[in-house]
Amino acid sequence: TFSAPAVLKEIRYFQSRFKADVDRYDVDIEYAYDLRDNWQALGTQPIQGEGYIWGDPGTVWGDFIWGITAEHQSRLYVPGEYRRIAFRYKHFAARQPVTFLGHSIVYQIRRMR
């Protein structure tokens with residue numbers, strides 16, 4: 001409700017953050033508004049790190065990943081105006097770790113007269 005449940009709000013952008021992983025995983029981002037149970041897809045966030053794997057345990061410096069992205073951010077737009085909004089993240093695979101680092105929301109409210 002963003003501390004004002006009766007006022008209409010508009011989400012300017014929604015940014016979720018996930019820790020990057022060396023494997024290819026996807027997380028679906030969905031939203032629902034005004035206490036309804038009709039979740040709508042907002043986007044899919046791939047969380048695979050980018051860059052080259054250089055070296056292996058047999059080398060002098062050992063195994064490390066060069067140029068990998070530490071986290072992935074998605075900047076998504078939520079259409080419309082709502083009084084309440086809820087977000088959820090769906091990951092369909094078992095035994096695949098996904099680290100959620102948080103999200104940021106920039107919104108504006110309609111001025112009350």
Worked verdict on Val78 versus Tyr33 for side-chain contact (heavy atoms from CB on, under 4.5 Å): CA-CA 10 Å; Val78 181; Tyr33 58 90; over 6 Å; no
Short side-chain to backbone donor-acceptor contact, His91 and Asp28, under 3.5 Å: no
Polar side-chain atom of Asp34 near backbone of Arg84 as donor-acceptor pair, under 3.5 Å: yes
Interatomic spacing from CG in Leu76 to CG in Leu42 - rounded to 0.5 Å: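 Result: 4.5 Å between the selected atoms.
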Shortest non-hydrogen separation from [X] to [Y] and the atoms involved:
{"X": "Ile11", "Y": "Tyr77", "answer": "O-CE1, 3.7 Å"}
{"X": "Arg83", "Y": "Pro5", "answer": "CB-O, 3.5 Å"}
{"X": "Gln45", "Y": "Ile29", "answer": "CB-CD1, 4.2 Å"}
{"X": "Ser16", "Y": "Tyr89", "answer": "CB-OH, 3.5 Å"}
{"X": "Ser104", "Y": "Arg17", "answer": "OG-NH1, 3.0 Å"}

More than 12 heavy atoms of other groups within 6.0 Å of Arg88 CZ: yes
Within the structure provided, determine whether [X] and [Y] are in side-chain contact (heavy-atom separation under 4.5 Å).
{"X": "Phe14", "Y": "His103", "value": "yes"}
{"X": "Tyr82", "Y": "Leu8", "value": "no"}
{"X": "Phe18", "Y": "Val98", "value": "yes"}
{"X": "Phe87", "Y": "Ile105", "value": "yes"}

Glu81 vs Lys9, salt bridge (Lys or Arg N to Asp or Glu O under 4.0 Å): CA-CA, chis, key distance, verdict: CA-CA 5 Å; Glu81 291 181 324; Lys9 275 112 8 219; over 6 Å; no
ILVMFWY network linking Tyr31 to Phe100, side-chain heavy atoms under 4.5 angstrom: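 Same cluster: Tyr31 reaches Phe100 through Ile, Leu, Val, Met, Phe, Trp or Tyr contacts under 4.5 Å.
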Ile85-Tyr107 co-clustered via ILVMFWY side chain contacts under 4.5 Å: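 Yes, same cluster.
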